Visitor: 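Dropping a structure here in structure tokens format, bear with me for questions.
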There are 2 protein chains.
Amino acid sequence: MSPENSRTRIQRRNRRAILEAALEVFSQHGFRGATLDQIAAEAGLSKPNLLYYFPSKEAIHETLLAGLMETWLAPLRMLDPAGDPVEEILGYVRRKLVLSRDFPRESRLFANEILQGAPRIKPSLEGELKALVDEKAQVIAGWAANGRIADIDPYHLIFSIWALTQHYADFDVQVRAVLGTERGDPFEGAERYLVTMFTRLLTP
Amino acid sequence: MSPENSRTRIQRRNRRAILEAALEVFSQHGFRGATLDQIAAEAGLSKPNLLYYFPSKEAIHETLLAGLMETWLAPLRMLDPAGDPVEEILGYVRRKLVLSRDFPRESRLFANEILQGAPRIKPSLEGELKALVDEKAQVIAGWAANGRIADIDPYHLIFSIWALTQHYADFDVQVRAVLGTERGDPFEGAERYLVTMFTRLLTP
DNA sequence: AAAACGTTTGACCGGGCGGTCAGGATCACG
DNA sequence: CGTGATCCTGACCGCCCGGTCAAACGTTTT
């Protein structure tokens, strides 16, 4: 019996509402800047009721981060060593950009955690994340060595994909302020630009 | 008589210490997550003494942001329409990367403000920043139209320079966690990578 | 219907928050 | 040295923070 099944309807509904509200607040103000009252108000619950579902502020934050890490790694996991090198990397770029467009709050939550020195997920970064990046970096290095893509540092290539895609979620306000209202959806322009950029960079 | 001259030695020393300490604390925890006690302790002053030099927490934060905006825009201002296009853009990339390496706390302070929706500097973004980017984007668009650089969206080109350089300051912890301790200084690798990337992207 | 269980709340707690204030210490300068 | 301006501090304020608890309210089960 999964923990999801062992909960009543009400529990599922309220836990969802709390995590949704907490995501909104934590992603905007960071852990210390967020307050339980704010989260409770956003979720439409009283503060004591909120603490009936989660034992502490920490616990809510940890639950959010834990769920996030997998979503975060998934697009890189899908990079297929057997696929066409340029298309595989472009696919990864597109998947990350879609994540930024559809889950900007999750991206900002993650950014906040890293900005604060990653006190709660440093082990994950040095463990899971590093392992996965090491693995995929070797795949990319192999492609470069075989001349199937241009010669490039695979680690910084991956960093640049993170930086470029997350920028459109984390710095959304700035991007929109600079582009103004007319110049169309930032994400459409971003996709065209990124495909062009990485194609020129990688094509041997 | 400038305000700098109208202050005593002690005032200059203590205001410096406060702003330095506040930069440390605000850049790590954001505005709401930072506390005056923390800043006072970091600066080696008592809290009431801190409030003798600045009227409020807000005022300290505003002073930091105001000083920051100019430093931030300067590297783009220096982009010379009369220079060699590729070299001009590479120079801009290098200047921004140096800023990330030498002033990571300033970069994180800025990132925190944007993440929170830029409540205090939105006017600056829509005014000064937008104006400067519009101006330089036209310069770059001109270069592209004349075939002196490859055809590219100038706005997203500028965004990509911001994203890539700031990433190494803002996400420093993550970059170092992935690279491990041996693989050398991230910033040296970053410079080589970015020069290669933008050269391939821009050379017609 | 009533026992049993799950859910919600108002009142409350100690502590830390941003900020104030009266007065004491220290300094620059005649 | 004196004295006025500048600098600094301990004690304090009202408020909001994360969290607790007993009691009341709903719902489900028997």
Side-chain angles (χ1 to χ4, degrees), chain A residues 1-65 112-113 116 119-120, chain B residues 1-65 112-113 116 119-120:
Chain A
M1 202 179 302
S2 90
E4 199 64 18
N5 289 344
S6 70
R7 291 189 182 119
T8 68
R9 277 171 289 124
I10 298 177
Q11 274 176 356
R12 279 195 293 273
R13 191 225 312 149
N14 284 346
R15 281 183 63 100
R16 265 185 88 90
I18 290 168
L19 290 174
E20 162 73 20
L23 175 60
E24 188 73 29
V25 177
F26 280 135
S27 67
Q28 218 174 99
H29 299 289
F31 181 74
R32 291 186 23 172
T35 74
L36 287 181
D37 297 87
Q38 230 181 323
I39 297 171
E42 184 88 19
L45 299 174
S46 67
K47 188 169 57 169
N49 199 15
L50 200 155
L51 289 160
Y52 170 76
Y53 290 100
F54 289 89
S56 69
K57 183 184 177 183
E58 271 281 343
I60 302 175
H61 194 248
E62 269 169 26
T63 305
L64 282 175
L65 281 182
N112 256 306
E113 170 69 8
Q116 281 157 34
R120 296 156 228 276
Chain B
M1 202 180 301
S2 89
E4 200 62 21
N5 288 344
S6 69
R7 290 189 183 121
T8 68
R9 277 171 293 124
I10 298 176
Q11 272 176 357
R12 279 194 293 273
R13 193 225 312 148
N14 284 347
R15 281 184 62 101
R16 265 184 88 91
I18 291 168
L19 290 174
E20 162 73 21
L23 175 59
E24 188 73 29
V25 177
F26 280 135
S27 68
Q28 219 175 99
H29 299 290
F31 180 74
R32 293 192 11 180
T35 74
L36 287 181
D37 297 86
Q38 229 181 323
I39 297 172
E42 183 88 20
L45 299 174
S46 68
K47 187 168 59 170
N49 198 15
L50 200 155
L51 289 160
Y52 170 74
Y53 290 98
F54 289 88
S56 69
K57 184 184 177 182
E58 271 281 344
I60 302 175
H61 195 248
E62 269 170 27
T63 306
L64 281 175
L65 281 182
N112 256 307
E113 171 69 9
Q116 281 157 36
R120 296 155 227 276

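The sequence lines fix the lettering, A, B, ..., with proteins before strands; numbering per chain opens at 1. Please read these numbers as outputs of a predicted model, since none were measured by experiment. Side chains included, hydrogens not; waters and symmetry mates left out as well; all remaining heavy atoms used.
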Visitor: Report yes if a side-chain nitrogen or oxygen of A:S46 is closer than 4.0 Å to either non-bridging phosphate oxygen (OP1 or OP2) of C:dT8; otherwise report no.
Guide: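 No.
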Visitor: Figure out the CG/P separation between B:L45 and D:dT9, and round it to whole Å.
Guide: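 It is 7 Å, rounded to the nearest whole Å.
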Visitor: Starting at atom CG of B:N49, determine the distance to atom P of C:dA25, rounded to an integer number of angstrom.
Guide: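 Distance check: B:N49 CG to C:dA25 P gives 16 Å.
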Visitor: Do you know which of B:I39, B:T63, B:N14 makes side chain to side chain contact (heavy atoms under 4.5 Å, CB included) with B:L19?
Guide: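 The passing option is B:T63.
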Visitor: Among residues two or more places apart or on two chains, list those pairs meeting ring pair (Phe, Tyr, Trp, His ring centres under 6.0 Å) that have a residue in residues 14-48 of chain B.
Guide: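 Output for this query lists B:F26-B:F31, B:F26-B:H61, B:F31-B:H61.
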Visitor: With a 4.0 Å cut-off on heavy atoms, is A:L51 in touch with a base, just the backbone sugar-phosphate, or nothing at all?
Guide: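 A:L51: base contact, heavy atoms under 4.0 Å.
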Visitor: Going by number, which of residues 53-64 of chain B have a non-hydrogen atom under 4.0 Å from DNA chain C?
Guide: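 Heavy-atom contacts with DNA chain C come from B:S56, B:K57.
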Visitor: Using the side chain to side chain contact (heavy atoms under 4.5 Å, CB included) rule, pick out the option among B:L45, B:I60, B:L36 that qualifies with B:L51.
Guide: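 The passing option is B:L36.
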Visitor: With a 4.0 Å cut-off on heavy atoms, is B:A34 in touch with a base, just the backbone sugar-phosphate, or nothing at all?
Guide: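 Sugar-phosphate only.
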Visitor: Mark up nucleotides 21-30 of chain D, 5' to 3', with B wherever a protein heavy atom is under 4.0 angstrom from a base atom, S wherever such an atom reaches only the sugar-phosphate, and - elsewhere.
Guide: B------S--
Visitor: Roughly how far, to the nearest 0.5 Å, is CG of A:L23 from CG of A:L64?
Guide: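 Taking CG in A:L64 and CG in A:L23, the distance rounds to 6.0 Å.
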Visitor: Round to a whole Å and report the spacing from CG of B:L36 to C1' of C:dG16.
Guide: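 Value for this atom pair: 12 Å.
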Visitor: Would you compute the distance between atom CD1 of A:I18 and atom OH of A:Y52 and round it to the nearest 0.5 angstrom?
Guide: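 Answer rounded to 0.5 Å: 11.0 Å.
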Visitor: Applying side-chain contact (heavy atoms from CB on, under 4.5 Å), run through B:N112 and A:N112 and close with a yes or a no.
Guide: CA-CA 8 Å; B:N112 256 307; A:N112 256 306; 3.8 Å; yes
Visitor: Quick check on DNA chain C: between B:T35 and A:L50, whose nearest nucleotide comes earlier from the 5' end?
Guide: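 This one resolves to A:L50.
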Visitor: Going from CZ on B:R32 to CD on A:Q38, what distance comes out if it is rounded to the nearest 0.5 angstrom?
Guide: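 Going from the CZ atom of B:R32 to the CD atom of A:Q38 covers 4.5 Å.
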Visitor: Should B:T8 be listed as having a side-chain N or O under 4.0 Å from OP1 or OP2 of C:dC27?
Guide: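 Answer no for this pair, as no side-chain N or O of B:T8 is under 4.0 Å from OP1 or OP2.
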Visitor: In terms of side-chain geometry, is the basic nitrogen of B:E62 or B:R120 positioned less than 4.0 Å from the acidic oxygen of its partner?
Guide: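 Looking at B:R120 together with B:E62, the answer is no, because their closest N to O distance does not fall below 4.0 Å.
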Visitor: Between B:Q11 and D:dT6, does any side-chain N or O lie under 4.0 Å from OP1 or OP2?
Guide: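 No, because none of the side-chain N or O atoms of B:Q11 sits under 4.0 Å from OP1 or OP2 of D:dT6.
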Visitor: Quick one: salt bridge (Lys or Arg N to Asp or Glu O under 4.0 Å) partners of A:E42, sequence neighbours excluded?
Guide: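 Checked A:E42 against salt bridge (Lys or Arg N to Asp or Glu O under 4.0 Å); zero matches.
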Visitor: Which ones in residues 13-32 of chain B lie close to DNA chain D, meaning a heavy atom under 4.0 Å from one of its atoms?
Guide: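 Heavy-atom cutoff 4.0 Å gives B:N14.
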Visitor: side-chain contact (heavy atoms from CB on, under 4.5 Å), that's the test. Do A:R9 and A:R12 meet it? Break it down for me.
Guide: CA-CA 5 Å; A:R9 277 171 289 124; A:R12 279 195 293 273; 4.1 Å; yes
Visitor: So does B:Y52 get a side-chain nitrogen or oxygen closer than 4.0 Å to the phosphate oxygens (OP1/OP2) of D:dC7?
Guide: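 Affirmative; the distance criterion is met.
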Visitor: Please name all residues satisfying side chain to side chain contact (heavy atoms under 4.5 Å, CB included) with B:A59, sequence neighbours left out, ordered by chain then number.
Guide: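 Side chain to side chain contact (heavy atoms under 4.5 Å, CB included) list for B:A59, sorted by chain: B:P55, B:S56.
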